[in-house]
Amino acid sequence: MELPIFNYNYSNEGKGQKDDLEVVKDERWLGNSLVGYMVDEQNGEWLVSLVFISNDNPLKFAIRRLERHHSIEKANQYAILSQKTARMLQPCYQSFSN
């Protein structure tokens, strides 16, 4: 069975297209943003999301949904850990995107 989206003629010598890294360029501002979290109840489960707010323009924000948990305590612990991890990785993301 062949997958329609898979490139079967791949070679190591092939170069990527210029627009392959547009996703990284579009989200470069995430490295210089405030990071918060939300824990919302949804259908009896707790949905954990990270919220990124731009330092330059507070009206520019992104919400990334992470995970669902059955327990509010577990969801809050996961949210705090994810927020700390995102803050810790911000300098790495900034140096990568420059």
Side-chain angles (χ1 to χ4, degrees):
M1 179 176 100
E2 291 190 7
L3 299 174
I5 59 171
F6 186 75
N7 180 8
Y8 289 94
N9 298 321
Y10 174 79
S11 66
N12 286 334
E13 293 82 23
K15 293 185 178 180
Q17 302 296 322
K18 288 185 178 181
D19 60 346
D20 286 345
L21 292 176
E22 285 299 317
V23 173
V24 176
K25 289 181 183 176
D26 291 343
E27 295 189 350
R28 188 178 299 169
W29 66 272
L30 291 175
N32 187 22
S33 63
L34 299 172
V35 182
Y37 65 87
M38 292 188 320
V39 178
D40 295 324
E41 184 180 10
Q42 195 175 56
N43 298 331
E45 294 181 326
W46 297 94
L47 179 64
V48 179
S49 304
L50 281 182
V51 181
F52 298 88
I53 302 172
S54 173
N55 284 336
D56 300 329
N57 181 5
L59 298 176
K60 185 177 186 179
F61 64 93
I63 298 174
R64 300 290 189 249
R65 293 187 177 162
L66 298 178
E67 199 167 310
R68 295 177 185 268
H69 292 284
H70 295 291
S71 160
I72 183 69
E73 292 85 12
K74 189 173 181 180
N76 280 325
Q77 289 174 353
Y78 184 80
I80 292 169
L81 179 63
S82 299
Q83 179 188 29
K84 287 180 180 180
T85 303
R87 287 181 179 168
M88 182 183 70
L89 292 176
Q90 277 181 333
C92 300
Y93 194 87
Q94 286 174 341
S95 65
F96 172 73
S97 64
N98 289 334

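Positions are given from 1 along the sequence.
- Distance check: Arg87 CZ to Ser82 OG gives 12.0 Å after rounding to the nearest 0.5 Å.
- Hydrophobic clustering (side-chain heavy atoms under 4.5 Å, transitive across Ile, Leu, Val, Met, Phe, Trp, Tyr) groups Tyr78 together with Val39.
- Rounding to the nearest 0.5 angstrom, the gap separating the CD atom in Glu67 from the OG atom in Ser49 is 11.0 Å.
- The minimum heavy-atom distance between Ala86 and Val35, with the atom names listed, is CB-CG1, 3.9 Å.
- Cluster annotation: Met38 and Leu66 are assigned to distinct hydrophobic clusters (Ile/Leu/Val/Met/Phe/Trp/Tyr, side-chain heavy-atom contacts under 4.5 Å, transitive).
- In this structure, CG in Asn55 is found 11.5 Å from NZ in Lys60, a value given to the nearest 0.5 Å.
- With a 4.5 Å cut-off on side-chain heavy atoms, Tyr37 and Ile80 count as touching.
- Contact record, Gly36 with Gln83: CA-NE2, 3.6 Å, taken as the closest heavy-atom pair.
- Between Trp46 and Ser71, the shortest heavy-atom distance links the atoms CD1-C, 3.8 Å.
- Hydrophobic clustering (side-chain heavy atoms under 4.5 Å, transitive across Ile, Leu, Val, Met, Phe, Trp, Tyr) groups Leu50 together with Ile72.
- With values rounded to the nearest 0.5 angstrom, Ile53 atom CD1 is found 8.5 Å from Ile63 atom CD1.
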